[in-house]
Structures are given as C-alpha cells and as structure tokens.
Amino acid sequence: MHLYQSNEIKIYNSLTGQKEIFKPINAGHVGMYVCGPTVYSNVHLGNVRTFMSFDMVFRYLKHLGYKVRYVRNITDAGHLENDADVGEDKITKKARLEQIEPMEVVQRYTVDFHNILNTLNFLPPSIEPTATGHIIEQIELIRTIVENGFAYVVNGSVYFDVHKFNESHAYGKLSKRKLEDLIHNTRALDGQSDKKNPQDFALWKKAEPQHIMRWPSPWSDGFPGWHLECTAMSTKYLGEQFDIHGGGMDLKFPHHECEIAQNEAAKGKSPVNYWMHANMLELNGQRMSKTTGNTVNPHELLSGENAFFSKAFAPGVIRFFSAQSSYRSILDLTDAGLLASEKGFNKLMEGMRLLQSVGTANTSSFDVSSWQQRCYDAMNDDFNTPILIATLFEAVKYLNQIKEGSASITAKDLQVLKTTMHAFVYDVLGLEATSEASTNANNDKLASAVNILIELRQDARINKDFALSDKIRDELAEAGIQLKDSKDGTTFSLS
RNA sequence: GGCGUCGUGGCCGAGUGGCUUAGGCACAGGUCUGCAAAACCUGCUACAGCGGUUCGAUUCCGCUCGACGCCUCCA
C-alpha cells in the first residue's frame, strides 16, 4: 500500500485554468519535466525559486511513493538573444565577450548552478540532459515536422510555420492567445528576416561563418532553436505524452506554447497532461532586473554581501521563506520578510528538537491523526506549502505546551508526530538546520570553551556579582553567542 | 492596445458563500529571571471602491481604480 493510493492530489493546470485531480498516465509512476537554466551567467534567483517549487513537488510525489522520473535540462546552446531571427546565441555572446570557448562558459555556469542548488539542499533530478547532447534527436524532430508540412527551409535555416499549423491546430491554447491578435500586436521586423511570418520561430539556424557552436545537419551547419530542445529531451526520456511539465510563468509564452506546437506537429499529440507555472520573484516590490540594478544573485543572498539585506541568510531560511507563499503567487523578497522567516524557521527547528526530548503520558490532549491528515490535505491541494507550514506550527505549539506541562501525548502519538514532522519538514520541504550543521565541526571545542564561561558566570551570579555575570553575557552576545537561561540551566546558541 | 494574474489586518502571506481559527513577523499584557535576553502563554485587527445575485459575500457576477506578468533582451 503506497501513500499515493490514499492521497488524491489536485494540481492547478495552467492549460485549463483549474485545479484537476492528478491521474498519472502509468499508475504509480510520474514523468515530470522542468525547463532548466540557460547557463550563460550565474543562475537567476527567480529561477532558483521556480526550481525550488518543483523540488518540493518532486519531493512530495516521492514521499507518496510514486516512482518519479524528473527531467530538468541544461540549455547550453540555441537560446537566442531575441526571437527576431537576427539574434545571437546567449552562450556564444558571452564567450565572445569573455574571449573564451563557449563550452567554458557552459562549464563555469553549470558548476555554479549545481553548487547553488546543492547549498540550498535540492534533490538532483533523475536526468539532467543538455541541448548539445541531443542534437541528433533535435534534427530528427525537425525532419519529421518538415515532412508533416509544418516547417519550411530558407537559406539553410528551418522555421516552424505557425500559420499553417494554426489551420489545423490551436496555436495559443496554453497562453490563451489567438493568432490573429498576435499578428496585430507583433512588432514589424526591420529588415532581413527569412521568416514568412513574424510569428514563426526557428527550429534550426544556419550558423554564420564566425559562429563556433555549430553542427552539421541536412539543411546547413548550424544550431538548433531554443524551443526545440525541450521537446526533444522531454519526449525522449518521458515519452510522447507525459504527466507534468513545469517552468516559470515567463516561459508560458512563447516557449511552452511552441513546445506544444512542435509536439503536435511532429507526433500529433499534445505532450503534457498537467502544465504547472511558478510565479515571479520580486525584489522590494519590483521585478528583478540586471539593467536597473534591482537584482541579487544567490551567492550574494547567502553570503550577505549585497546592498539589499541586513545580513546573510541560511539556506533553510530561504527555503522556508519560499515555502511560506504559494508557488502560484508572486513572491516579494524583502529584508523584513527574510528576517521574519528566519525567526519562524528557528521556531520550527526548535520544535523539531523538542520532538526528541518531550515526555509522554497515558493520554493525548491533541488529535494527532487528524492533524497528520491535515498535513497531507494541504500538500494534496496543489502543493499548498503555506497551509502545510501553518499546520506544522500547530504541532510546534502543541509540543511547547507539552513541555510546559499544559498538554500531554501518548508514546504512540508521539511516534506518529515525530514521523510526520520529519517527513514534511525534512523530506518534503527539504528544510535542514544547515546553519548548525555547518558549524558542527567546530562545535565541540567551542562548546567546551563557552561552557567554562557559563560556569564562571553562574558562580558570579551565585555571589551576586552581577556586573561580572552581565559582562560575560554581553560580550559573548557581541561575539555572536547568545546565552539562554532557563530553569534547567544555561544553554547557548550561535546567531 | 491584446491576453493573463491579482488587490486580505502594522508587515509578509493562506483560505472560504454563513459555521471554529489560517500561519509567521511585529505589537501589548503575563509566566520565567537578580535584571535582561531567549523561550512559552494570552490578546489584537482584515478582506481596494461602487453596484448586482443571495435569506446572507471578503468569497459569485459587473463596473471603476490600482498593481504585476507576457506580448521585444532581462528567469
């Protein structure tokens, strides 16, 4: 008996605009594809939020016992500066600017991307394919689309014929656009486009002589179009139709719209059953933008070396902050918000510690099994992590009451509580007390030193030498060590 | 201009046609303490505006105002 058999998930499907009961194509198995980063610079923090949302989706599906194949690609070629057919490949441009090989650019930022995700406690996807590793598949796909009459060749480049496609299919059904509206609203191209219509998009681009990233094809030496890689790689590893496709809201049009068109043109099938789109991340109420300087990269957020935030924030705090809002809402990153999340996160982690130390009784004054069900209900409702967190805090409050003696729990219920808290806090939300884990190596020596000071202070307090005891307390505080007095003695924590 | 999303208490941020409350932070009072801090307990307030549907709307519908995203590079 797997958990997924008793937990019916509802997913908000961007394609239909409503929450739908999730039914995987193959019972017990889930195929999920998420558009990964274009590795031409440090990964965008907003992109990290998107991946974090899907990391939690991945984790929950796994927790329920699904066998999940999670594919998240690396775009290392083909993402043009613009779609107007005259743009430069982003990787190539960066390589030219830095005077290094394109693959050096790719390597550098792929490593950076993985570092950030590891630091933030992401689970690696099942497969992480690259665009350049699937040139053959992409060429085959183009060939099929051309044969089916939905693409045309001009001067060695191949373009998808959106108008032709729209005669027999619905181009724009995901983003709720009509082709005629697009025609009226597309800016006229200035100059030498090979496209029949501005709405057409490149499947294959002939490379200019100086272009380093190039592969042979039936049409020219060139490189594949950006939209094509996701179609090639998703269907290669997940099948012509698969369960979940995710990505940032900004990719809905044109990227995902083009994916649907490509797959329908090539295979005659709409590729995805459930489209999920994560909303944008803002910084202080404004969109992040490199051009206006209103941007922070993940390193700067983690290190505190930036102009926006008062301190460094631990990975767990960032995850907690993200999970406190729904993946479908715009999330505004602010100093006050992060500070509030830090306190909340610490409170939750304190609750996790209480699980180990709290005493049991003959009766429980709290309905643990209905609480447990509400945790599942929250996640089953379109992965509602804010509700899950609110429910987890009910348990924290309960644990504190047990500690204070105003509530009680049986050993059996405590076991359920412990298992469930661990499952949701660690496995599903991916939270870890990383700030402590990272200092553990030094903790033993530090602890013995601080404990000596605590003893000295205790002696001073017994002697009513409060000047000395306060001096020890205050100077430790300045050094980032906070003493906590309680009935059972004094402990400390690092701030 | 087109398409889409949204407007919740001091702040962030869920949710719902009435029933019992989101939750976190902040704030106030209390417990504890030599005093603090920390921790804990208790309290606190809301649904942009105007109409409509309804026995009843923050929740549904319409309009107004405002914010944001995509439509052109920025995730």
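What you are looking at is a predicted structure, and each value in this text was computed from that prediction instead of being measured.
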Pairs flagged by side chain to side chain donor-acceptor pair (under 3.5 Å) wherever residues 390-400 of chain A is involved - sequence neighbours left out: A/Arg374-A/Glu394

Between B/rC11 (C1') and A/Leu338 (CG): distance, integer Å: 13 Å

Closest to the A/Ile330 side chain, choosing from B/rC68, B/rC3, B/rU42: B/rC68

Sugar-phosphate only, base, or nothing, as touched by A/Met280 at under 4.0 Å among non-hydrogen atoms: base

Exceeds 12 heavy-atom contacts within 6.0 angstrom, atom NZ of A/Lys10: no

Touch class at under 4.0 angstrom, heavy-atom based, for A/Lys178 against every strand present: nothing

Counterpart residues, side chain to side chain donor-acceptor pair (under 3.5 Å), relative to A/Glu475 (two or more places apart): A/Lys471

Touch class at under 4.0 angstrom, heavy-atom based, for A/Ser341 against every strand present: nothing

A/Phe113-A/Phe51 aromatic ring centre distance below 6.0 Å: yes

Residue closer to the 5' end of RNA chain B, A/Pro386 versus A/Leu281 (nearest nucleotide): A/Pro386

Under 4.0 angstrom between A/Ser329 side-chain N/O and B/rA14 OP1 or OP2: yes

Dot-bracket summary - RNA chain B, pairs being Watson-Crick or G-U whose distances fall under 3.5 Å, with | when paired to another strand: (((((((..(((.....[....))).(((((.......)))))....(((((..]....))))))))))))....

B/rG24 OP1/OP2 closer than 4.0 Å to side-chain N/O of A/Lys347: yes

Phosphate OP1/OP2 of B/rA75 contacted by A/Tyr40 side-chain N/O (<4.0 Å): yes

Touch class at under 4.0 angstrom, heavy-atom based, for A/Arg49 against every strand present: nothing

Whole-Å C1' distance, B/rC68 and B/rA48: 16 Å

Qualifying salt bridge (Lys or Arg N to Asp or Glu O under 4.0 Å) pairs with a residue from residues 36-46 of chain A, counting only residues at least two apart or across chains: none

Partner set under side chain to side chain donor-acceptor pair (under 3.5 Å) for A/Tyr70, not counting sequence neighbours: none

Integer angstrom distance from the C1' of B/rU45 to that of B/rU58: 15 Å

Salt-bridge criterion met for A/Glu350 and A/Lys403 (N-O under 4.0 Å): no

Heavy-atom protein contacts under 4.0 Å, nucleotides 15-20 of chain B, coded B base, S sugar-phosphate only, - none: S-----

More than 12 heavy atoms from other groups under 6.0 Å of NZ on A/Lys178: no

Gap in Å between the two C1' atoms, one belonging to B/rC3 and one to B/rC44, rounded: 42 Å

Non-neighbouring partners of A/Asp474 that pass side chain to side chain donor-acceptor pair (under 3.5 Å), sequence neighbours left out: none

Below 3.5 Å is the cut-off: list the nitrogen or oxygen pairs between protein and nucleotides 27-29 of chain B, distance only.
none

Whole-angstrom distance between B/rA22 and B/rA14, as gauged at atom C1': 6 Å

Ring centres under 6.0 angstrom apart (A/Phe122, A/His114): no

N or O in side chain of A/Lys397 less than 4.0 angstrom from B/rG24 OP1/OP2: no

RNA chain B: 5'-proximal contact among A/Glu350 and A/Gly46 (nearest heavy atom): A/Glu350

Side-chain donor/acceptor contact of A/Arg287 with base of B/rC68 under 3.5 Å: no

Annotated protein contacts, base or backbone, on nucleotides 31-38 of chain B with a non-hydrogen cut-off under 4.0 Å, one of B, S, - each: --SBBBBB

Over 12 foreign heavy atoms within 6.0 Å of CD, A/Glu8: no

B/rU16 to B/rC74 separation - P atoms, rounded to the nearest Å: 35 Å

C1' atoms of B/rU59 and B/rC19, separation to the nearest Å: 15 Å

Residues in side chain to side chain donor-acceptor pair (under 3.5 Å) contact with A/His163, at least two apart in sequence or another chain: A/Gln199

Side-chain touch A/Leu399/A/Leu417, heavy atoms, less than 4.5 angstrom: yes

Residue pair A/Lys173, A/Glu264: steps toward the salt bridge (Lys or Arg N to Asp or Glu O under 4.0 Å) verdict: CA-CA 12 Å; A/Lys173 64 181 174 184; A/Glu264 290 185 348; 2.7 Å; yes

Selection residues 457-466 of chain A - residue pairs positive for side chain to side chain donor-acceptor pair (under 3.5 Å), sequence neighbours left out: A/Arg457-A/Asp485, A/Gln458-A/Arg461

Touch class at under 4.0 angstrom, heavy-atom based, for A/Glu282 against every strand present: sugar-phosphate

Sequence neighbours excluded, every pair satisfying salt bridge (Lys or Arg N to Asp or Glu O under 4.0 Å) that has a member inside residues 45-57 of chain A: A/Asp55-A/Arg59, A/Asp55-A/Arg319

Rounded P spacing from B/rG10 to B/rC6 in Å: 24 Å

Minimum-distance nucleotide to A/His44 side chain [options: B/rC74, B/rG13, B/rC40]: B/rC74

